[in-house]
2 protein chains.
Amino acid sequence: MAPDAAPDLGMVDALAQLSFLVQGTLSRHAAAQDLSIIQTRLLGILRDREPTMQELARLLELDKSSVTGLVDRAEKRGLVQRTPSTDDRRAIRVKLTALGRRTGLAIRNGFQVDVALATQSLSEAEKKDLSTLATRVIAARAAERGYTTSTKNSS
Amino acid sequence: MAPDAAPDLGMVDALAQLSFLVQGTLSRHAAAQDLSIIQTRLLGILRDREPTMQELARLLELDKSSVTGLVDRAEKRGLVQRTPSTDDRRAIRVKLTALGRRTGLAIRNGFQVDVALATQSLSEAEKKDLSTLATRVIAARAAERGYTTSTKNSS
DNA sequence: TATTGTTATACTCTATAACTATA
DNA sequence: TATAGTTATAGAGTATAACAATA
């Protein structure tokens with residue numbers, strides 16, 4: 001049942017390769033809904049936010065003009081909606097439509113199955129360790145970027 | 001020194017968000033060399049291989065026509081080189097140039113610094129745990145895809 | 001016939017620069 | 001003047017379909 005001990009790749013290669021593995025998996029489930037990774041990420045970010053275009057640009061680390069196109073395409077597909085901001089007449093807020101929320105969930109559910117498969121060789125304790133350690137790395141980064149406490153986003 | 005306990009995001013969100021964090025970091029160091037993530041990944045894969053175009057397509061999970069363009073642009077910049085395959089006159093092999101190897105290393109070195117920063121709040125034991133667990137997830141996947149033992153690639 | 005690689009084409013994604021409207 | 005957002009433009013990255021050369 002235990003094949004060979006995996007020689008540790010070291011933190012640098014392990015994190016890089018894991019990120020490619022995860023992005024590939026996410027990409028396949030996004031493609032099943034005819035969406036790209038970045039569109040999927042947009043849906044994930046909007047899951048619990050209604051940011052302005054500028055805030056979206058900061059969250060996605062994209063230029064504001066890139067966000068315009070991204071939101072254009074998502075809106076054309078009925079996944080998100082632009083609404084005027086109440087307090088600043090220059091700004092607009094972007095929010096999920098019901099379809100956008102459903103689509104994001106469908107992708108997430110498919111991804112979840114693959115995550116379970118990918119981690120099935122780990123014990124329950126090891127799974128807990130992995131998600132906890134990953135969470136701590138993310139939280140440290142969020143703190144650096146000045147996010148307030150528990151910030152759920154992506155996927 | 002210990003801020004708040006990070007509430008565990010769960011495996012699904014933790015892996016997805018970590019992958020975006022890592023890709024963003026990698027992307028910034030790639031951009032410092034005026035390269036994209038996918039070009040950087042190409043350099044990483046070629047670090048210890050001289051695959052044919054078709055093998056490259058499988059490794060990158062891209063269509064062969066996409067790989068043609070990718071290698072075209074890398075070759076134009078002097079990062080890789082096409083050489084005819086000795087055993088099959090239809091096939092060609094792609095390999096790194098000295099510049100390609102240097103550039104890949106420069107990106108990797110920059111990335112390594114950020115990885116150290118991102119994980120500095122973990123104890124040495126925790127770092128070891130994280131890289132080991134990540135390695136095991138990668139190894140399980142590699143086994144599924146039929147790779148032979150220790151396969152170093154990416155970054 | 002099947003496989004390897006390229007070309008033609010179309011679309012998404014991205015940044016830069018210039019613009020409009022509001023602050 | 002500065003900020004929020006869009007438009008125009010150019011280029012990378014991607015897939016599909018059709019092709020040439022070789023197996």
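Letters A, B, ... are given to chains in the order of the sequence lines, protein chains preceding strands, and every chain is numbered from 1.
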Quick one: pull up NZ in K64(A) and OG1 in T52(A) and give me the separation to the nearest 0.5 Å.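 One finds 11.5 Å between NZ of K64(A) and OG1 of T52(A).
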
Spatial distance of atom CD (Q112(B)) from atom CG (L105(B)) [nearest 0.5 Å]: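 One finds 10.0 Å between CD of Q112(B) and CG of L105(B).
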
[N] OP1/OP2 closer than 4.0 Å to side-chain N/O of [X]:
X      : N       : value
R89(B) : dA21(D) : no
R82(B) : dT6(C)  : yes
S66(A) : dT14(C) : no

d([atom1], [X]; [atom2], [N]) in whole Å:
X      : N       : atom1 : atom2 : result
Q23(A) : dT14(D) : CD    : P     : 12 Å
K76(B) : dG11(D) : NZ    : C1'   : 11 Å
K64(A) : dT6(D)  : NZ    : C1'   : 9 Å
D34(B) : dA15(C) : CG    : C1'   : 12 Å
R28(B) : dA15(C) : CZ    : C1'   : 16 Å
M53(B) : dA21(D) : CE    : P     : 18 Å
L56(B) : dT6(C)  : CG    : P     : 11 Å
Q39(B) : dT14(C) : CD    : C1'   : 15 Å

If you only use heavy atoms from C-beta on, which nucleotide in [options] is closest to the side chain of [X]?
X      : options                  : value
D88(A) : dT6(C), dA21(D), dA23(C) : dA23(C)
L62(A) : dT6(D), dG13(D), dT14(C) : dT14(C)
R90(B) : dG5(C), dT3(C), dC13(C)  : dT3(C)
R73(B) : dG13(D), dT6(C), dA15(C) : dG13(D)
I38(B) : dC13(C), dT6(D), dT14(D) : dT14(D)
T52(A) : dA8(C), dG5(D), dA23(D)  : dG5(D)
Q54(A) : dG5(C), dT3(D), dT6(D)   : dT3(D)

Counting distance alone, no hydrogens or angles: does the base of dT7(C) have a donor or acceptor under 3.5 Å from a partner atom on the side chain of T68(B)?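 Such a pair does not exist between side chain and base.
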
Under-3.5 Å donor-acceptor pair between S65(B) side chain and dT14(D) base: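 Between dT14(D) and S65(B), which were checked side chain against base, a qualifying N/O pair under 3.5 Å is absent.
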
Quick check: on DNA chain C, is the nucleotide nearest R93(B) upstream (toward 5') of the one nearest S36(A), or the reverse? Name the residue that is more 5'.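 The residue closer to the strand's 5' end, by nearest nucleotide, is R93(B).
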
Test salt bridge (charged side-chain N to carboxylate O under 4.0 Å, His left out) applied to R47(B) and D13(A), step by step: CA-CA 12 Å; R47(B) 202 168 56 182; D13(A) 283 350; 3.4 Å; yes

With a 4.5 Å cut-off on side-chain heavy atoms, are L70(A) and L60(A) touching?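 SC-SC contact between L60(A) and L70(A) confirmed.
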
E50(B), R93(B), K95(B) screened by side-chain contact (heavy atoms from CB on, under 4.5 Å) with Q81(B), the one that passes: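 The residue from E50(B), R93(B), K95(B) that satisfies side-chain contact (heavy atoms from CB on, under 4.5 Å) with Q81(B) turns out to be K95(B).
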
First of D63(B) and D72(A) reached from the 5' end of DNA chain D, by closest nucleotide: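 Here D72(A) is the residue nearer the 5' end.
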
Side chain to side chain donor-acceptor pair (under 3.5 Å), that's the test. Do Q23(A) and S19(B) meet it? Break it down for me. CA-CA 7 Å; Q23(A) 294 273 308; S19(B) 80; 2.9 Å; yes

